[in-house]
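Below is one structure, written out as structure tokens; comments come after it.
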Amino acid sequence: MEIKRLDLGHLVVMTHQWPVHGYVILHDQLGVILVDTGCGGPDELLRYFHVVNRTVADALADHGLAPIDVTTVINTHLHFDHCGQNPAFKHARLMVQREEHERIFRERDEVTDWIEASDTQFELIDGDVTLAADLRIATTPGHTSGHQSVIATTELGTELFIGDAAYTRAIWNHPDMAKLPDGQAADADAWHDSLTNLKILAPAEVHFCHDG
Ligand SMILES: [Zn+2]
């Protein structure tokens, strides 16, 4: 198994610039797996967050790959900066938690409308899923109610792809509820429990979507 980080540009919240990353997992049996697809969605939202986007096709090309090579996309959750380039992967399995898909329709906003209009077909999953002996999906609610993470066993040990379960390594290391950035935890108790469950795995490496 090989891991590649994709540089998908950045967005700005207030005055803070956050990088946006997705991850490619090159898996012997499953092929090319992509965890999160970067920013996309309605123009007004991209304008609001001053998104400087990099297409997922360009980011994959950095590693000699193209969107058509991707067999499986796993969206950690359905925020616009994690599923925004899903339409480039209509040929692939698009795996998301059923709860996350239901959430966006409960909380309907412009991103829900955009996802609906983009006519992508999700494979909705319920809870933890084993994809291979060395790769699984685990629910990690809190950032959103249907958030999920990906857990790989590599030659390094356990590697985690945690989406927005923690925006940065600093938050992962010191999850201080009093100092969290806006939006980090929609449900603080669930969020804290999810981080605890991930840390119990004693990961050799944690891959963040918004860390430098
Ligand atoms: Zn998010």
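Both counts, for ligands and for their atoms, begin at 1 and track the order of listing. Fair warning: this is a prediction, and the values are worked out from it, not measured in the lab.
- Asn86 and Thr37 share a side-chain donor-acceptor pair at under 3.5 Å.
- The existence of a salt bridge linking Arg5 and Asp62 is excluded, since no basic side-chain nitrogen approaches an acidic carboxylate oxygen closer than 4.0 Å.
- Annotation for His91 and Val70: closest pair NE2-O, 3.1 Å, computed over non-hydrogen atoms.
- Under 2.8 Å from the Zn ion (ligand 1), one finds the following protein N/O/S atoms: His77 NE2, His79 ND1, His143 NE2, Asp164 OD2.
- Using modelled atom types, one finds a donor on one side chain and an acceptor on the other under 3.5 Å when comparing Glu99 with Ser145.
- Side chains of Thr76 and Gln148: a donor-acceptor N/O pair is absent below 3.5 angstrom, by distance only.
- Applying the ring pair (Phe, Tyr, Trp, His ring centres under 6.0 Å) test to pairs two or more places apart or on separate chains, those with a residue in residues 125-160 are His77-His143, His77-His147, His79-His143, His143-His147, His143-Tyr167.
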